[in-house]
Peer 1: 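This is the structure I have questions about; it appears just below.
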Amino acid sequence: MTSIQSKPTPAVADPMVREFERRAGQTPTTEPSWVLPLRRAGFNRFSETGYPTIRDEDWRFTNIAPVAKLPFQTASLPGAESVTAEQIDTATFGTLPGPRLVFVNGYFSAALSRPSDPTAKSTIGNLAAHLEGNASVIQPLLTPSQHILDDPFACLNTAFFQDGAFIHVPAGAELKDPIHLVFIATNEAKGASIHTRNLIIAEAGSRFTVIESCISFGAQAYVANSCSNFVVREGASLEHVKFQDESPDAFHLANLHSDLGAASQYTSHSFALGGLISRNTIRSKLNGPGLECIFNGLYVTRRNQVADHHMVINHNEPNCASHEYFNGILDDESKGVFHGRILVQPEAQKTDAKQTNKNILLSNSATVDSKPQLEIYADDVKCTHGATVGQLNEESIFYLRSRGIGKETARRMLIHSFAGEITERVQCTPVREEIDRIVWNRLEESPSLSEKLATASNGTPTPEA
Amino acid sequence: MKQPILEITNLRAGVEGKEILKGLNLRISEGEVHAVMGPNGSGKSTLASILAGRDGYTITDGQIVYGGVDLVEMSPEVRAREGVFLAFQYPVEIPGVNTTYFLKAALNEVRKHNGLSELDAMEFLTLVKEKMKILHLPEDFLKRPVNAGFSGGEKKRNEIFQMAVLDPKLAILDETDSGLDIDALKVVSAGVNKLKRADNAQLVITHYQRLLDYIVPDFVHVLSNGRIVRSGGKELALELEERGYDWIVKEDLQTA
């Protein structure tokens, strides 16, 4: 743990230090007194490390120098009229029933949000409003864990978080409607960074779905740096769908940390469509026996986008299953990065772990760095992993053509099929249907879907692992 | 006089410079069921692949005339729309595309090509449900992704089901019996037999006589070293079952 007195190194630019100290010195403070030391611990840690570079093993394939070069500036409170309720209603998942929390440039908007049923026992609200009343639940979760300390952006988030969702569903509760979290960046966020912190706690035997959409109104560069903690207690079942379709100039950095209890079920989906650089740092601790988790992801990129998923799954207990399925469809000069490490501890006998990463390149200039890893210290386990990068399977194309389906239609069908492998795992039906539609349309927008593929000669996927 | 459907004359073809078919002749007319048998490596699957238009084969001599026109000039999809159907030895899995979507797209391409109107969802469903009964397929079959996670037997049944829906003029069954237990073989064969008509034809490619107990051919041809070395009636298949392929291969070498 870092000492509070440690001096910031030159790795941290002065404006950031000034901003942190300005906030720290603000009186009267709007936060309970226990929050500042936690923020300072995160800030000090970041001061030691600075932004990661491609020399850091965890950031080898994603160069975030453009983020480090931006003058540090936190997003300011947006004008009341910058986003209208109608815009939210017509945006992605706008028609979903159920509670909705809306954050504009990282600030909670009560006016745009829709409260949950007041008779329900669940707490669904913004974190800032609950720091005081729910300190006993929140404080341990905000105290920087090793996973937080290991990630510079998570440290930065701890230092500067503005607000975020606080969801606490009591034991045995089953929520019918999904909870929708909407994170919007507006033009006012240009050049600034937005720090959101989400805490989602599923008590024993509870069951619910959280949909997170990260979108922007207006195209401009900003840094969205979010950090989410999921605590899924014994026998609880939680599905989390993260849909990221931010401005093509935005930087999206997210930490998704989960702590899973015995016999729980956790399903996490990441759809990465937007942003110039997007990075999801996924860390999961399987801390009870007999649980099942699925990490499912689809990245669809074009132009010079980079989509990075960096995942470490810790099997700490026996009889757990973790399955990871990540597919990428990459066009133009874009790049996909997948790092998946499954760590099976000696106690974790009878682990069933499976990990696949498959990529289709729609252009000769698109690239993928894929690195699936298994690290196994138990002797009675079933673990598999694999990665492929390539064009479409020629035999599949021939099969469809031999049934009368034209070459173009066959290729298109197989690309949609490749995306469908991932979208079909979303259990929440209205969400799955909407994602299906968005992904289908996004793919159809690509001129490469037919033209470039038609001239692609290399038809065999290359096994990499 | 029965109209010829397929006429292969002196076909020489191979892959990557290696000649596999070395002057093959075959004539199939309406209403006929032909079996091509032969040892491994004789060129059976090459013949099936070339007829369906798979990439990677070079035809160096001879011709393939289908319905009076040159088949070689047609793309695989045009062949299919013109009524050529290949039941794959190894059907391909296509996760994410459900069977209904796939088969409706295929059928409507075939219909469009033949100047027929496209079927709407209801008409299509009525048609496929009727065809599903022939192959004893479960109700949920249409919702499942094409061949994904299917057993060997289910995949082969799916091939014949697709054949039933697309109603080809010339069906080529490439080792359809491989990997089938006896019950599945009976279902698949019964399906194929029901699809036989006076105006279509079937070319059954197999290594073993077993399949021909259920799909009874009018003609049996023995393929060896890239050529048809003997043709006869269904009794030839029984003779092969009893004596193996060696004697024919030897006689062929002596006369060659």
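Convention: sequence-line order gives letters A, B, ...; per-chain numbering from 1. What's counted below: heavy atoms across the whole structure, side chains too, no hydrogens, waters or symmetry copies.
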Peer 1: Between B/Phe88 and A/Phe398, does the ring centroid distance fall short of 6.0 Å?
Peer 2: yes
Peer 1: Look at atom OH of B/Tyr90 and say whether more than 12 heavy atoms of other residues, nucleotides or ligands are closer to it than 6.0 Å.
Peer 2: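 12 or below, so no.
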Peer 1: Rounded to the nearest 0.5 Å, how far does OG of A/Ser417 lie from CZ of B/Phe102?
Peer 2: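 Going from the CZ atom of B/Phe102 to the OG atom of A/Ser417 covers 11.5 Å.
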Peer 1: Let me know if B/Val146 has heavy atoms under 4.5 Å from chain A in its side chain, its backbone, both or neither.
Peer 2: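 Contact with chain A is through the side chain of B/Val146 alone.
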Peer 1: Taking NZ in A/Lys354 as the centre, count heavy atoms belonging to other residues, nucleotides or ligands within less than 6.0 Å. Is the count above 12?
Peer 2: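 Count not over threshold, so no.
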Peer 1: Less than 4.5 Å to any heavy atom of chain A: does that hold for the side chain of B/Val97, its backbone, both, or neither?
Peer 2: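 Both backbone and side chain.
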Peer 1: Which atoms of B/Pro91 are under 4.5 Å from chain A, going by heavy atoms: the side chain, the backbone, both sets, or neither?
Peer 2: both
Peer 1: Can you tell me how far apart OG (A/Ser402) and CG (B/Leu51) are? Round to the nearest 0.5 Å.
Peer 2: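 It is 12.5 Å, given to the nearest 0.5 Å.
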Peer 1: If I measure from the heavy atoms of chain B, does A/Glu395 come under 4.5 Å with its side chain, its backbone, both, or neither?
Peer 2: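 The answer is both parts of A/Glu395.
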Peer 1: Less than 4.5 Å to any heavy atom of chain A: does that hold for the side chain of B/Arg54, its backbone, both, or neither?
Peer 2: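 Contact with chain A involves both backbone and side-chain atoms of B/Arg54.
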Peer 1: Answer yes or no: are there more than 12 heavy-atom neighbours, outside A/Lys350 itself, under 6.0 Å from its atom NZ?
Peer 2: no
Peer 1: Could you have a look at A/Ser396, A/Gly420, A/Gly406, A/Ala419 and say which one has the most heavy-atom pairs with chain B under 4.5 angstrom?
Peer 2: A/Gly406
Peer 1: Which atoms of A/Ile422 are under 4.5 Å from chain B, going by heavy atoms: the side chain, the backbone, both sets, or neither?
Peer 2: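 Nothing of A/Ile422, per the 4.5 Å heavy-atom cut-off to chain B.
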Peer 1: Should the heavy atoms of other residues, nucleotides or ligands under 6.0 Å from CZ of A/Arg207 be counted, would the total exceed 12?
Peer 2: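 No - once you tally the heavy atoms of other residues, nucleotides and ligands closer than 6.0 Å, there are 12 at most.
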Peer 1: In this structure, are over 12 heavy atoms from other groups packed under 6.0 Å from B/Asp55 atom CG?
Peer 2: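 Not more than 12 within 6.0 Å, no.
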Peer 1: Can you see which heavy atom on A/Ile405 is nearest to which on B/Ala106, and at what distance?
Peer 2: CG1-CA, 3.8 Å
Peer 1: Name the member of A/Thr423, A/Leu400, A/Thr409 that forms the most heavy-atom pairs with chain B at distances under 4.5 Å.
Peer 2: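 Looking at each of A/Thr423, A/Leu400, A/Thr409 in turn, A/Leu400 comes out on top.
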Peer 1: Looking at A/Glu424, A/Met413, A/His416, which makes the most heavy-atom pairs under 4.5 Å with chain B?
Peer 2: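 Answer, by heavy-atom pair count under 4.5 Å with chain B: A/Met413.
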Peer 1: What I want to find out is whether B/Glu159 reaches A/Arg403 closely enough, with some N-O distance under 4.0 Å, to be called a salt bridge.
Peer 2: yes
Peer 1: Can you check whether A/Arg401 reaches B/Ser75 side chain to side chain, under 4.5 Å on heavy atoms?
Peer 2: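 Contact flag for A/Arg401/B/Ser75 side chains = yes.
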Peer 1: Tell me the closest heavy-atom pair linking B/Glu109 and A/Gly404, and the distance in Å.
Peer 2: CB-O, 3.3 Å
